[in-house]
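Reckoned from all heavy atoms, side chains included, excluding hydrogens, waters and symmetry mates.
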Amino acid sequence: ELPSRLVASVSAAARPCPGAARRPAAVAAAAGLPGLVGLAASAEAGAGATVKVVRSTKDTEDRLSWQPELPLVADFAFDGPVVEVVPSEVDQEILGFGGAFTEAAATTFSKLTPQMQDIVIEQYFGASGLGYTLGRVPINSCDFSVDSYSFDDTPGDFELKEFDTNLGHDKKEIIPLIRRAIEKVESTVSDTHVRLGGKVAGKWESLKVFDGIHGPGTAALQSEGGRFLSTEAGGAVTANNLKAVASTFFTLKEVSGDSVALLGANGKHLVVAKDGSVKASGDEGSGTTFVRVKNADGTISLRVPEGQYLTAEPMERLRLLASPWSPPAWMKTNGAMDGSGTPCLKGEATASWANYIAKWISSYTAAGVPIWALSVQNEPTNNAGWEACTLTPQEEADFLGTHLGPTLKKEHPEVCIFVFDDSKHLLPDYVSAAMQQPGTAQYVQGAAFHWYSGDLFDKVAWVHQQHPEVMLLASEATYERRMWKAGMLEPYSDWRFGEGYAHDIIGDLNAGAVGWIDWNLLLDDKGGPNHIGNVCDAAVVIDAKQQMLNVHPQYYYIGHFSKFLVPGSRHVTTKVSAPKKYKPSQGPGPYGTCTGEGGLEATSALRPDGQTAVVVLNCADEDIDFKLLAGASAVKASAPRRSITTYLLPAAL
C-alpha cells in the first residue's frame, strides 16, 4: 500500500479493430458462465465459502486494505437496503482503467529521482499498484503542455514533407514515460487466454510453428513474446508457457486446401464459442475449421470462416487512446492553435489533417508506442482558451466519413476510432450523426465522453441501448480549481474527490462503459504545468523539491475498480434498494458529486477467473448495514460512513 504522503464486445462495425470490447448480441443469460451459475447454487454447494473484502474509509487508515472475510450463506430475510447482483444479466466487457500521459505528467515525472520514478510506475501500472491498462495521449500540445507545439509548423505544407517523424519534442519526456508504463504492464502478464480477435492479423495473431516437436504430425505454436499455446485442465487454451512442454503440442489436421482442424494435447478439437472463447472440447467433426494464413515473416495466422483471427493478445497490455486538441495553426481558419474559428479547419487542409494524424500514429508506433484507438477530436464543442478545434456533429461525421476514416483504414486498420470525446450532454447527438451516415458509421468503433456537464448517465445508457455495437469509454475527468474549497490555490487532499470519482465510475459502468480514464497521471504541487494557467487536481501530486508523492483519495477510489474489475471482466446488472434517505455528506458539485443521501451505490463484474467483484460506495455521513445478494446466496455486510468497499464473491465450488 502507498501511504498518503510517501518519500521515495467485438464491434459490429465494418472495420472491427483488434482488442475491441465485446458485448453479447442481447443481455446474456448465466448459462455457460460458471462463476455466476455457481453463485446461484452456492447455498448448498458452498458450505464454509467466504467473501473477500477490501476497503478504504475516511475515518480510519484503511486504504485499499484487506478486511476479515465474510461468510457466504443461503439467502435470508433482511429489513434494510439490499445490493443485488443479477446473475442472469451479463453485459459489456471491461477493458480497464487508466490515466493521461500529458506533457505535464511527463515533465513532472522527469523531475523525480530514478527510485521515485520506479515507485510511480509500479503504483500506477504494476501488480502491487492500480494495474492500469488504459492511457490517453494528446496529439500535439494541449493545455497541460509547457507551450503550444505541433510536428509540422511549416505554413502551406499540405503534403507534410516537413512533418517531424522523429517526434523530437515528445521523445524528450512523454514517450520515455509511456514506454516505461508499457514495459511494466507487459511484465505483469500472468494469464493469457487464446480467443477470437478482429479481422486484421497483427503481431498477437501471428504464430511461429515448430513442427514435430512432440512427435510426427504435431506442432508447437509460439505466440508474440515467446509464449506457447497450451491446453489446460478443462480444455481452456492459453498462451502462458515459456517452454514447450507436454501440454503445448497440437495436431493440425488438414480438412481441405488451407483449412485445418486443431486438436489440443487432450485429444479434443478446438472449438470457438459464440462469445469468442476457445476450448479444446470438441469431438471428431464438431470442432471449428480454421484457414491457415501464411505470413511474410514465416509465421501463420488462424482465421475462422467469418473472417476473424485467433489472438493470443494479453488482456493486460496498455491500450492507448490518442486525442488531437488542435491541428497546426496554419491549417486553421483562426491561424492559431489556441481557440477555434468557425469552421475550424481551412477547406484545403482537411485531407492534410487526416494524413497528419496517420503520420503521427505511424511515428509513435515506430517509436515503440503502438496506438490502440483514436478519438476524432478532443472536446469538439469547446472553443476553449487553449488548443481547440470545434466541430458540429455533422462536421465531425463528414470529416470522419470523407477523410479520416478512409485514411486510417488504409494506413492503420488496426486502430479503433471513437467519436465525440466531450461532455456527456451532447453524446447522443454526435453518435447519432455519425451512425446515421453509412459512409461514416462503417468507421466508428466507439464513443468517448467526459464528465464536466454532470452525471447524465442516461445519455450514456441511451447510446448503449440504441447502438450496442459502439464501445463507450469515459475518457477524461478531473477537478478543476473552480471545484476546490474556497481559498485553496494549490492541489490538496479532499476525500470528496475520491467519492466523486467512484460515483462517476459506477454510473458509467452501469450505463454501458467499457472503461474509465483519469486526466493527468501526475501534476506538480501547483496543479500544472499548464501553459494557460488552467490548473487542476490529480490522483498523485509531486513535490519535486522534497521528492514526495502526495497521494490523493482519487487514487484509492480508482483502485477499488482497477485492481479488481480486471480486463476481460463482464459487467453484471446490480440493483440497489433504498428504503430511506440517509444523512448526506457535502459534495463539491456540479460534477463528480456524491452525497450519499439516496443510499448506497454499486456495480459488479464477472471476472475471467470466475470470481465476481462487487464495488459498494457509501458517501453518506452514517454507517449503512445491508444485504449483498447474488442468486441464492447472500452476505450480511456493513458500509462504514464515507467508505468504498470491494467484495470478491467466490467462483463455482
Item checked: Glu387 and Ser141 side chains, donor-acceptor separation under 3.5 Å -> yes
Next item on the list: For side-chain contact (heavy atoms from CB on, under 4.5 Å), just list the numbers for Asp421 and Arg136, CA-CA rounded to whole Å, side-chain angles, deciding distance to a tenth of an Å, and then say yes or no.
Entry: CA-CA 11 Å; Asp421 208 4; Arg136 189 167 179 233; 3.0 Å; yes
Checklist line | Nearest-0.5 Å distance that lies between atom NZ in Lys172 and atom OG1 in Thr107 | finding: 10.0 Å
Notebook entry, point to check: Quick one: do the Glu411 and Ser362 side chains pair a donor with an acceptor below 3.5 Å?
Noted result: no
Note to self: Consider side-chain contact (heavy atoms from CB on, under 4.5 Å). Of Ser145, Ser326, Pro328, which one does Asn140 pass it with?
What the structure shows: Pro328
Next item on the list: Determine, stepwise, if the pair Asp537 / Gln554 fulfils side-chain contact (heavy atoms from CB on, under 4.5 Å).
Entry: CA-CA 10 Å; Asp537 193 21; Gln554 298 97 300; 2.9 Å; yes
Margin query: Which heavy atom of Ala613 sits nearest to which heavy atom of Arg607, and what is that distance?
Written below: CB-CD, 4.1 Å
Notebook entry, point to check: Which pair of non-hydrogen atoms, one from Asn382 and one from Asp422, has the smallest distance, and what is that distance?
Noted result: N-OD2, 4.1 Å
Margin query: Can a donor-acceptor pair be found, under 3.5 Å and without considering hydrogens, that links the side chain of Asp143 to the backbone of Asn530?
Written below: no
Check: Of all heavy-atom pairs between Thr299 and Ser206, which one has the smallest distance, and what is that distance?
Finding: OG1-CB, 3.6 Å
Note to self: I'd like to know if the side chain of Glu232 pairs up with that of Asn240 as donor and acceptor (distance under 3.5 Å, no hydrogens or angles considered).
What the structure shows: no
Next item on the list: Looking only at non-hydrogen atoms, find the nearest pair between Ile174 and Phe101 and report the distance.
Entry: CG2-O, 3.9 Å
Notebook entry, point to check: Between Arg481 and Gly533, which heavy-atom pair has the shortest distance, and what is it?
Noted result: NH2-O, 3.9 Å
Notebook entry, point to check: When you measure from the side chain of Gln445 to the backbone N and O of Ile417, does any donor-acceptor pair fall under 3.5 Å?
Noted result: yes
Next item on the list: Measure the spacing between CD1 of Ile178 and CD1 of Ile371 and express it to the nearest 0.5 Å.
Entry: 7.0 Å
Note to self: Is it the case that the side chain of Ser65 and the backbone of Arg63 share a donor-acceptor pair, with hydrogens and angles ignored and the cut-off at 3.5 Å?
What the structure shows: yes
Next item on the list: Output yes when Lys424 and Asp455 qualify as a salt bridge under the 4.0 Å nitrogen-oxygen rule, no when they do not.
Entry: no
Notebook entry, point to check: Residues in salt bridge (Lys or Arg N to Asp or Glu O under 4.0 Å) with Arg55, at least two apart?
Noted result: none
Item checked: Expected output: side-chain Glu103 to main-chain Asp170 donor-acceptor under 3.5 Å -> no
Check: Going by distance alone, is a donor N or O of one side chain under 3.5 Å from an acceptor N or O of the other, for Thr165 and Ser363?
Finding: no
Check: In terms of side-chain heavy atoms, does Asn510 have a donor or acceptor partner in Thr574 at a distance below 3.5 Å?
Finding: no
Check: Looking at side-chain heavy atoms only, is the closest gap between Leu134 and Leu473 below 4.5 Å?
Finding: yes
Note to self: Check whether Glu183 reaches the backbone of Arg180 with its side chain - one donor and one acceptor, N or O, closer than 3.5 Å.
What the structure shows: no
Next item on the list: Quick one: closest heavy-atom pair of Val51 and Pro650, and the distance?
Entry: CG2-CD, 4.3 Å
Notebook entry, point to check: Just by distance, with hydrogens left out, do Trp451 and Asp508 show a side-chain donor and acceptor under 3.5 Å apart?
Noted result: no
Next item on the list: Indicate yes or no: at least one non-hydrogen side-chain atom of Tyr479 is less than 4.5 angstrom from one of Pro588.
Entry: yes
Next item on the list: Could you pull out all residues at least two apart from Lys526 that satisfy salt bridge (Lys or Arg N to Asp or Glu O under 4.0 Å)?
Entry: Glu490
Margin query: Taking the ring of Trp360 and the ring of Tyr356, is the distance between their centroids below 6.0 Å?
Written below: no
Next item on the list: For Tyr501 and Asp518, test the side chains for any donor-to-acceptor distance below 3.5 angstrom and give the result as yes or no.
Entry: yes
Notebook entry, point to check: What distance do Leu522 atom CG and Gln117 atom CD have between them, rounded to the nearest 0.5 Å?
Noted result: 10.0 Å
Checklist line | Any donor-acceptor pair under 3.5 Å from Glu601 side chain to Val616 backbone | finding: no
Check: Got a salt bridge between Asp59 and Arg641, using NZ or NE/NH1/NH2 to carboxylate O under 4.0 Å?
Finding: yes
Margin query: Can you see whether Trp495 engages Tyr557 through a side-chain donor-acceptor pair at a distance of less than 3.5 angstrom?
Written below: yes
Next item on the list: Ignoring hydrogens and angles, state whether a donor on the side chain of Tyr555 or Gln123 is under 3.5 Å from an acceptor on the partner side chain.
Entry: yes
Notebook entry, point to check: If we ignore angles and hydrogens, is there a donor and acceptor under 3.5 Å between the side chains of Thr57 and Asp62?
Noted result: no
Item checked: Those residues that, when tested against Phe449, pass ring-ring contact (aromatic ring centres under 6.0 Å, His included) (two or more places apart) -> none
Check: Hey, are Tyr492 and Asp494 close enough side-chain-wise for a donor-acceptor pair under 3.5 Å?
Finding: yes
Next item on the list: Please assess Val245 against Phe228 for the test side-chain contact (heavy atoms from CB on, under 4.5 Å), listing each intermediate value before the final yes or no.
Entry: CA-CA 9 Å; Val245 296; Phe228 287 90; over 6 Å; no
Checklist line | Side-chain touch Glu480/Cys536, heavy atoms, less than 4.5 angstrom | finding: yes
Check: Would you say Phe561 and Trp516 make side-chain contact, with heavy atoms under 4.5 Å?
Finding: no
Margin query: Please report the interatomic distance CG(Leu130) to NE2(His560), rounded to the nearest 0.5 Å.
Written below: 10.5 Å
Item checked: Heavy-atom check, side chain of Pro608 versus side chain of Ser569, under 4.5 Å -> yes
Notebook entry, point to check: NE2 of His503 to OH of Tyr591: how many Å apart, nearest 0.5 Å?
Noted result: 13.5 Å
Margin query: Tell me whether Arg496 contacts the main-chain N or O of Ser585 through its side chain, where contact means a donor paired with an acceptor under 3.5 Å.
Written below: no
Notebook entry, point to check: Taking atom CG of Leu70 and atom NZ of Lys52, what is their separation to the nearest 0.5 Å?
Noted result: 13.0 Å
Checklist line | Sub-4.5 Å side-chain heavy-atom contact between Trp386 and Cys142 | finding: no
Check: Do any N or O atoms from the side chain of Tyr309 and from the backbone of Ser301 form a donor-acceptor pair under 3.5 angstrom?
Finding: no
Notebook entry, point to check: Under 3.5 Å, side chain of Glu122 to main-chain N/O of Ser128, donor-acceptor pair present?
Noted result: yes
Check: With distance as the sole criterion, is a donor-acceptor pair present between the side chains of His571 and Thr603 under 3.5 Å?
Finding: yes
Next item on the list: Apply side chain to side chain donor-acceptor pair (under 3.5 Å) to Thr248 and Asn241, showing your working.
Entry: CA-CA 8 Å; Thr248 62; Asn241 286 294; over 6 Å; no
Margin query: Is the shortest side-chain heavy-atom distance between Asn550 and Asp543 below 4.5 Å?
Written below: yes
Next item on the list: Consider only side-chain N and O atoms of Asp164 and His169, and report whether a donor and an acceptor are under 3.5 Å apart.
Entry: no
Item checked: Flag, side chain of Asn618 to backbone of Pro640, donor-acceptor distance under 3.5 Å -> yes
Next item on the list: May I have the step-by-step check of side-chain contact (heavy atoms from CB on, under 4.5 Å) for Phe564 and Gln611, ending in yes or no?
Entry: CA-CA 10 Å; Phe564 304 104; Gln611 295 185 88; over 6 Å; no
Checklist line | Min side-chain heavy-atom separation Ile542-Leu549 under 4.5 Å | finding: yes
